[in-house]
Number of protein chains: 2
Amino acid sequence: MENKQKITIKDIARLTGLSKGTVDRVLHNREGVSKKSYAKVMKVIEDLGYEPNIYASLLAQNKERVVAVLLPRSKDGDFWELAEPGIVRGMDFGRNFGIKVQKVDYDQYDIESFRSACDEVLALEPAGVALPPMFKNETLVFTAKLRAANIPYVYFDSKLEDNGYLAYYGMPIYQSGYLCASILTDEMDMKEVGIIRIQRDKHGQSDPTINRREGFIDYISEHFPKCRISNVFINPNKPREIDGILAGFFAENPGIQSVAMFNSRIYLITRFLEKHPEKKCRVVGFDNLAANLLALKKGLVTSLIAQRPDVQVFSAISALTEYAVFGKAPAKRDNFMPMDILTRYNAEYY
Amino acid sequence: MENKQKITIKDIARLTGLSKGTVDRVLHNREGVSKKSYAKVMKVIEDLGYEPNIYASLLAQNKERVVAVLLPRSKDGDFWELAEPGIVRGMDFGRNFGIKVQKVDYDQYDIESFRSACDEVLALEPAGVALPPMFKNETLVFTAKLRAANIPYVYFDSKLEDNGYLAYYGMPIYQSGYLCASILTDEMDMKEVGIIRIQRDKHGQSDPTINRREGFIDYISEHFPKCRISNVFINPNKPREIDGILAGFFAENPGIQSVAMFNSRIYLITRFLEKHPEKKCRVVGFDNLAANLLALKKGLVTSLIAQRPDVQVFSAISALTEYAVFGKAPAKRDNFMPMDILTRYNAEYY
DNA sequence: AATTTTTCCGTTACCGTGCACGGAAACGAA
DNA sequence: TTCGTTTCCGTGCACGGTAACGGAAAAATT
């Protein structure tokens, strides 16, 4: 194998007695080649293990291609803001290969804006699309179009089982809930736990927190069958209500020493707890938003379970780039990325 | 900015009234260009934001360069084995850019083998070297030679303060000890803790466990000033002695409920603990060796603090590759990578 | 047999950079 | 002035692959 005189199409042309034009036709399955010539070329390619020089190929093609990233528009200390550095890194990475990485964002609460963002992406005729599935049904419609247009796509953050994606980069959702419970109950005999949830009134949004809650509840019932689980609902759009609701909740359930929340808004709860230092709660939440990290530093949150949206989106972009440029699919299709446990002593290194 | 007619050296040549040969000389800081021409070319480059086409560049160069990775030879379930996947990934990555990534390993207990490995690396005339500093003095000698030969090098795992490295990818060592103590004492009133250490008799090896132990002890004395800290030494090369030593240690210090170890060999301890289930110890160790992970699964280890040698070595290789190919230095010089907290419920995703 | 059509293939001009070669101009020394 | 040196720069080929163009040969039609 180690006769490393990198063979070229010129070599193949010489060995087959054909011209490099014909070899090129064979390599790209273009028409206009006799069966005999085709077979001859293929044999030499097999025998010598020809691998095209991608630099030369890309140079000759000399066209700019684009990889689109479709995701919710981030504001302030939002979850999606965490993905931003990954997109920037992805742009850098793509640029090395002549790939333009273009972000297309939408309002995650406005399905119309999602639809038009999808159209915008299609109009780009991208070489690949990276996206988290937010609106479930619309996403399925969109990815069906992508498949029809033969455009590869990669899910990140969470995924749908549409069986057509090139790869997935994200957390194992259920297990993250399980992990959450195990941290919350570490070294304790858990008697009572509070779950704080967000009132949803949306049209079929893909909601990972449901699956996460299942993992949580399973852990609790496996390890502490007698533990009481109480739920309370808040609405993050009406922040003034929250304190009252929580005060009522804790008053009704005075035994609660542990609190969990399955979305990224745990900071809403610690705002309340900070004002009521008499409540010494063990608190576990998700995602390293700036506000959450602050609460962690202050000791109001015991641990955060974090994923790294930046790493995920970068992985998605680089997978699509390598697929577009080198034609190689990612080694693994489903890439469950680590669930990082953040405490006040290691958080700053993430 | 968006006048995206990708400009080329030919354009620059035209605009400056020079030839592409001269433009090329300017771009590569080669001699034989008058100050005036140099300035003219640079101005146009600045103004138009010229970026070279790397496909064309690599195609034209058409030469194989090598990035060397110098590290201890790994055996069985060794720490260094964990780096292996990162090297493979690095090879893949490098291949995309016509860079050959070559591993050169040595016996970490044999300074002579290290010296000859260094010579081997130098003989390769590499475009870059990635290495963890094992033998401190010898490493300084080696990196001095690299600097003299103008070969960039990147430390990973740990680093020396030689002020000449291109980048560092590794854990914040001291903080990892601090974190270790915080996990070990979580929710407990810590009265007594055992530290298990390895007898060293080596010639000036760079030993991160010392710094780590400092972090640990600082945390304990800050949070539990009255806590007693006992040390015991084992020799991993004489495994038959270990059980006896530990039995003696626990007999002498019956109050010990928590155990820490600052190298990757915590599995040596859990082997003993498994045979003595009456000792219910909280145990925290380092690094996700297969044997450690097994102990974690069995519940013999509470948590492992892990770094990701594979990610570190891959980061080192890709940094060197990008430096060699694109001439761009890494964004940050000192890259302190996350200290991952592994429990039995999240370990498998690392 | 003469023609058109189809099939097949070689030629050639790129793509953007790198670099060796050699020549012109400027400079210095005699 | 003449001749050698040095400085500076343009020319042209190479790198490996792509694809348009057009022509020769084979097949089909008249």
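As the structure is a prediction and not an experimental result, all values here were calculated from the model. Every heavy atom of this structure was used, including side-chain atoms; hydrogens, water molecules and symmetry mates were not. Below, chains carry the letters A, B, ... as their sequence lines are ordered, and counting in each starts from 1.
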Touch check for B/Gly98, heavy atoms < 4.0 angstrom, all strands: base, sugar-phosphate only, or nothing?
nothing
Within less than 4.0 Å of OP1 or OP2 of C/dT17, is there a side-chain N or O belonging to B/Ser57?
no
Would B/Asp11 and B/Arg14 pass as an ion pair if we require N to O under 4.0 Å?
yes
Is B/Asp24 touching bases, backbone alone, or none of the nucleic acid, heavy atoms closer than 4.0 Å?
base
Presence of B/Asn62 side-chain N/O under 4.0 Å of D/dG16 phosphate oxygens OP1/OP2:
yes
Parallel, tilted or perpendicular, judged at 30° and 60°: which one describes the rings of B/Trp80 and B/Phe156?
perpendicular
Keeping B/Gln312 on the side-chain end and B/Asp157 on the backbone end, is there a donor-acceptor pair under 3.5 Å?
yes
How is A/Leu18 classified with respect to the nucleic acid when contacts are heavy atoms under 4.0 Å: base, sugar-phosphate, or nothing?
sugar-phosphate
Any N/O donor-acceptor pair, B/Lys10 side-chain to C/dG16 base, under 3.5 Å:
no
Mind calculating the distance between CD1 (A/Ile54) and P (D/dG17) to the nearest angstrom?
11 Å
Between A/Asp92 and A/Arg95, is there a salt bridge with N-O shorter than 4.0 Å?
yes
Please state whether the rings of B/Tyr106 and B/Phe135 are parallel, tilted or perpendicular, taking 30° and 60° as the class boundaries.
tilted
With sugar-phosphate meaning primed atoms plus P, OP1 and OP2, does B/Tyr50 contact a base, only sugar-phosphate, or nothing at under 4.0 Å between heavy atoms?
sugar-phosphate
Parallel, tilted or perpendicular for A/Tyr155 and A/Tyr165, by the 30°/60° rule?
tilted
Could you go over nucleotides 21-24 of chain C and give all protein N or O partners under 3.5 Å, atom names and distances?
none

Using 4.0 Å as the upper bound for N to carboxylate O, is an ion pair formed by B/Lys43 and B/Glu46?
no
To the nearest angstrom, the CG-P distance between B/Leu27 and C/dG16 comes to 15 Å
May I have the distance from B/His28 (atom NE2) to C/dT17 (atom P), rounded to whole angstrom?
10 Å
Secondary structure of DNA chain D in dot-bracket form (Watson-Crick or G-U wobble, distances below 3.5 Å, | marking inter-strand pairs)
||||||||||||||||||||||||||||||
